[in-house]
**Q** 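Before we start, here is the structure in question, set down as structure tokens.
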Amino acid sequence: MAEQLTFDLPARAATGRGDFFVSPANAVAVATVEAWRDWPLGRLALTGPAGAGKTHLAHVWAAQAGARIVAARALAAADGAALAAAPVAVEDADRIAMDDAAERALFHLVNRMGETRQPLLLTGTEAPARWGIALPDLASRLEAMPVAAIGGPDDALLAAVLVKQFSDRQIAVAPDVIRYLVDRMPRSFAAARQVVDRLDRAALREGRAITRRLAARLLDNGDAEGE
Amino acid sequence: MMEDCWGRAKAELRKAVGENNFAHWIEPLDFKGVDEGVARFGVPTTFMGDWVSRNFGDSILQHLNASGAPAGRLAFAVAPRAAVAAPTTARERAEPVRAASDDQDLPGAPLDPRFTFDSFVVGKPNELAHAAARRVGEGGEVTFNPLFLYGGVGLGKTHLMHAIAHELQARQPHLRVVYLSAEQFMYRFIQALRERQMMDFKQLFRSVDVLMVDDVQFIAGKESTQEEFFHTFNALVDQNKQIIISADRAPGEIKELEERIKSRLQCGLVVDLHPTDYELRLGILQQKVQQYRRQYPDLVIADGVLEFLAHRISNNVRVLEGALMRLFAFASLVGREITMDLAQDCLADILRASDRKVTIEEIQRKVSEHYNIRLSDILGPKRVRTIARPRQVAMYLAKQLTSRSLPEIGRRFGGRDHTTVMHGVRRIEELKTIDNQIAEDVELLRRALEA
């Protein structure tokens with residue numbers, strides 16, 4: 001019999017504040033973002049590894065502050081003056097390092113928002129000092145920004161991330177499966193995303209539910225053991 | 001009538017809250033009047049309203065009442081595009097001319113109220129630039145035109161320019177002082193071209209008394225903008241109007257800048273801001289701490305932290321000030337004293353080139369050194385407390401500091417089961433809360449490994 005084909009349809013992620021799980025690993029970052037009226041100079045860099053919830057938190061903040069969300073790469077083509085009139089969240093700002101046009105656009109946006117006194121949130125994997133920004137005036141402004149860092153996940157957060165990833169895919173998973181995974185999988189947000197993705201595919205392919213046994217087989221295949 | 005009350009209250013508030021606070025927080029308030037005991041103000045941002053209400057609310061009420069406006073409560077609403085401490089005469093014409101541009105009768109950018117001569121810390125590396133800026137700020141006879149300030153990033157060029165503008169405006173309120181970045185000059189120029197309003201553009205820029213253009217290197221390579229800048233420049237110099245320019249390097253060293261502009265820029269006074277020395281940096285930090293004391297009165301900063309920052313962050317004043325600001329914001333959020341340890345944690349991204357990825361092997365080595373036991377014992381089967389406890393500490397750190405799975409950690413500890421790792425981790429978590437020695441050991445090791 002032919003194997004069931006699976007399609008890589010992107011799951012729609014829930015991005016409300018109520019869907020955001022706070023644990024000791026991200027509590028300070030969440031508190032800092034939520035205290036946005038007190039950001040020094042009205043700026044904040046939100047950092048953390050892939051899958052840590054930066055985008056989610058940026059959406060939560062955008063809803064609270066009435067902010068626009070822009071991808072850093074789209075900045076060069078955006079109307080900076082219009083953007084600067086209201087709060088802005090710039091996503092993946094670390095990915096424009098060495099892209100001269102985008103760096104300049106971000107530089108002018110930072111300055112303009114300093115003038116309009118609108119809050120600006122930037123997200124990136126690491127702190128701005130490590131982004132490798134080429135434009136010295138931009139680099140120094142970014143390095144001077146306060147940083148809210150989400151660290152690696154603790155057990156509670158790892159479990160919450162798994163549950164959320166499953167539920168974004170409309171999959172209900174028994175608590176013992178989550179517990180089983182948390183105790184055995186690599187302890188990173190990226191790994192959580194991978195594990196859920198692979199379990200989802202395997203379950204779909206084989207037409208069965210996600211159980212501890214399936215999880216065990218998958219983890220024993222060893223390849224979930226990334227860095 | 002009510003306006004007069006507010007005027008009198010403002011005069012009193014200026015004395016009560018100090019010049020700096022007044023310029024920053026009170027001056028930009030847009031008084032709308034008092035009705036039914038509520039004094040209403042327009043503010044540029046909700047943050048500003050919250051801040052003013054929290055910090056100056058009582059003073060404002062007191063002085064309003066004393067000046068004859070009976071108010072029991074303040075209300076702040078965000079006003080569309082209220083200019084913040086606008087340097088220009090823009091206030092009289094508040095109607096937005098074109099959307100999304102700060103098009104009022106003068107084309108400048110708002111001044112930062114924090115950038116005054118009072119808040120500029122003078123030291124050997126910047127004393128010449130400061131003296132020149134002071135001289136220009138006094139106004140009167142134009143002695144050097146243009147004043148050209150240059151220096152590396154974050155050494156205070158923009159601060160000095162804003163300070164000159166504040167000073168001139170305070171001494172001669174009728175002066176049309178325009179401060180803008182070279183990028184904004186270009187933006188306006190292009191906009192004027194597109195909307196066929198070049199005559200307006202020319203008239204506007206040629207009618208100012210003082211023109212300040214920040215970061216002029218940004219028009220390098222932009223030919224038509226340079227051309228227009230050149231003409232504006234000449235027209236103003238001919239009328240004996242003061243021009244102040246800044247750049248990141250000396251005029252002669254700006255690439256893709258026309259020769260005739262270079263030579264024009266050099267014909268006034270060219271002064272540079274040198275990189276800061278340790279004493280100047282420490283002075284800057286001390287001055288900033290005084291400012292933050294007002295904002296965060298309860299925060300304690302341990303001895304040696306400022307010296308440490310002045311020593312370690314040497315390249316850039318903006319980053320240095322930013323570092324201190326980050327420390328205060330973080331310490332106030334978590335409610336802790338600013339110690340060396342807190343500084344090192346909070347500013348790791350600036351103080352260290354990269355976060356090293358800690359490996360399980362390093363953890364095992366460090367832990368065995370710390371407890372003075374052999375590495376082979378940590379990996380081996382011995383179960384005596386003097387070996388087992390350090391092993392559990394190492395497992396705990398491996399879980400905290402690496403992203404390895406628990407089965408993987410177990411394998412690296414001599415082929416142990418992941419349940420053994422879980423047990424060890426739990427044990428250390430418990431002990432940390434009741435045994436100070438363990439808690440200290442773990443903290444010390446974590447720092448050593450992450451350093």
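Note on naming: letters A, B, ... go to the chains in the order of the sequence lines (proteins, then strands), and numbering restarts at 1 for each one. Predicted model, so just to flag it, every value in this text is computed and none were measured.
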**Q** Is any side-chain heavy atom of A:Q118 less than 4.5 Å from a side-chain heavy atom of A:P87?
**A**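 Contact flag for A:Q118/A:P87 side chains = yes.
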**Q** Can you see whether B:F189 has B:R194 sitting over its ring - NZ or CZ less than 6.0 Å from the centre and within 45° of the normal?
**A**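 No.
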**Q** Counting only heavy atoms from other residues, nucleotides and ligands, does the tally under 6.0 Å from CZ of A:R68 exceed 12?
**A**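 Result for CZ/A:R68: open.
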**Q** Do B:R294 and B:Y292 form a cation-pi contact, if we require the NZ or CZ to be under 6.0 Å from the six-membered ring centre and within 45 degrees of the ring's axis?
**A**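 That pair does not qualify as a cation-pi contact.
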**Q** Given a strict heavy-atom distance threshold of 4.5 Å, which part of B:F330 is in contact with chain A: side chain, backbone, both, or neither?
**A**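 Side chain only.
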**Q** For chain B, which residues from residues 131-141 of chain A lie under 4.5 Å away (heavy-atom distances)?
**A**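 Within residues 131-141 of chain A, the residues that come under 4.5 Å of chain B (heavy atoms only) are A:P136, A:D137, A:S140, A:R141.
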**Q** Using non-hydrogen atoms and a 4.5 Å limit, figure out which bit of B:V319 sits close to chain A: side chain, backbone, both or neither.
**A**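 Interface part for B:V319: both.
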**Q** Which of the residues B:H418, B:M422, B:E321 is involved in the greatest number of heavy-atom pairs with chain A at under 4.5 angstrom?
**A**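 Most pairs with chain A among the choices: B:H418.
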**Q** Which answer fits A:T47, side chain, backbone, both or neither, if we ask what part of it has an atom under 4.5 Å from a heavy atom of chain B?
**A**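 Answer is neither: A:T47 stays 4.5 Å or more from chain B.
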**Q** Hey, which of A:A127, A:G80, A:P40, A:P49 has the most heavy atom pairs under 4.5 Å with chain B?
**A**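 That would be A:P40.
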**Q** Using side-chain contact (heavy atoms from CB on, under 4.5 Å) as the criterion, list what pairs up with A:A101, not counting sequence neighbours.
**A**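 Applying side-chain contact (heavy atoms from CB on, under 4.5 Å) to A:A101 gives A:A76, A:D99.
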**Q** In terms of heavy-atom pairs under 4.5 Å with chain B, which of A:V28, A:D183, A:T32, A:D154 leads?
**A**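 Highest number of pairs under 4.5 Å: A:D183.
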**Q** Residues two or more places apart in sequence or in another chain: which of them pass side-chain contact (heavy atoms from CB on, under 4.5 Å) with B:K432?
**A**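 Applying side-chain contact (heavy atoms from CB on, under 4.5 Å) to B:K432 gives B:Y396, B:I428, B:I438, B:A439, B:V442.
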**Q** Quick check, are the ring centers of B:F218 and A:F107 under 6.0 angstrom apart?
**A**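 Aromatic pair counts; centres sit under 6.0 Å.
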**Q** If we define contacts as heavy-atom pairs under 4.5 Å, which of A:R187, A:H108, A:R104, A:R112 has the most with chain B?
**A**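 That would be A:R187.
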**Q** Is the distance from the ring center of A:F21 to that of A:H56 below 6.0 Å?
**A**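 They do not qualify: ring centres at least 6.0 Å apart.
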**Q** I'd like to know which of A:L83, A:L41, A:N111, A:L142 tops the heavy-atom pair count under 4.5 Å against chain B.
**A**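 Counting heavy-atom pairs under 4.5 Å, the top option is A:L41.
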**Q** Considering all heavy atoms of both residues, which atom of B:I338 and which atom of B:A331 are nearest to each other, and what is their separation?
**A**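 Where B:I338 meets B:A331 most closely, the heavy atoms are CG1-CB, 3.5 Å.
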**Q** Taking distance alone, no hydrogens or angles, what donor-acceptor pairs closer than 3.5 Å link side-chain atoms of residues 145-153 of chain A to residues at least two apart or in another chain?
**A**
none

**Q** With a 4.5 angstrom heavy-atom cut-off, which part of B:L406 approaches chain A: side chain, backbone, both or neither?
**A**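 Backbone plus side chain of B:L406, per the 4.5 Å heavy-atom cut-off to chain A.
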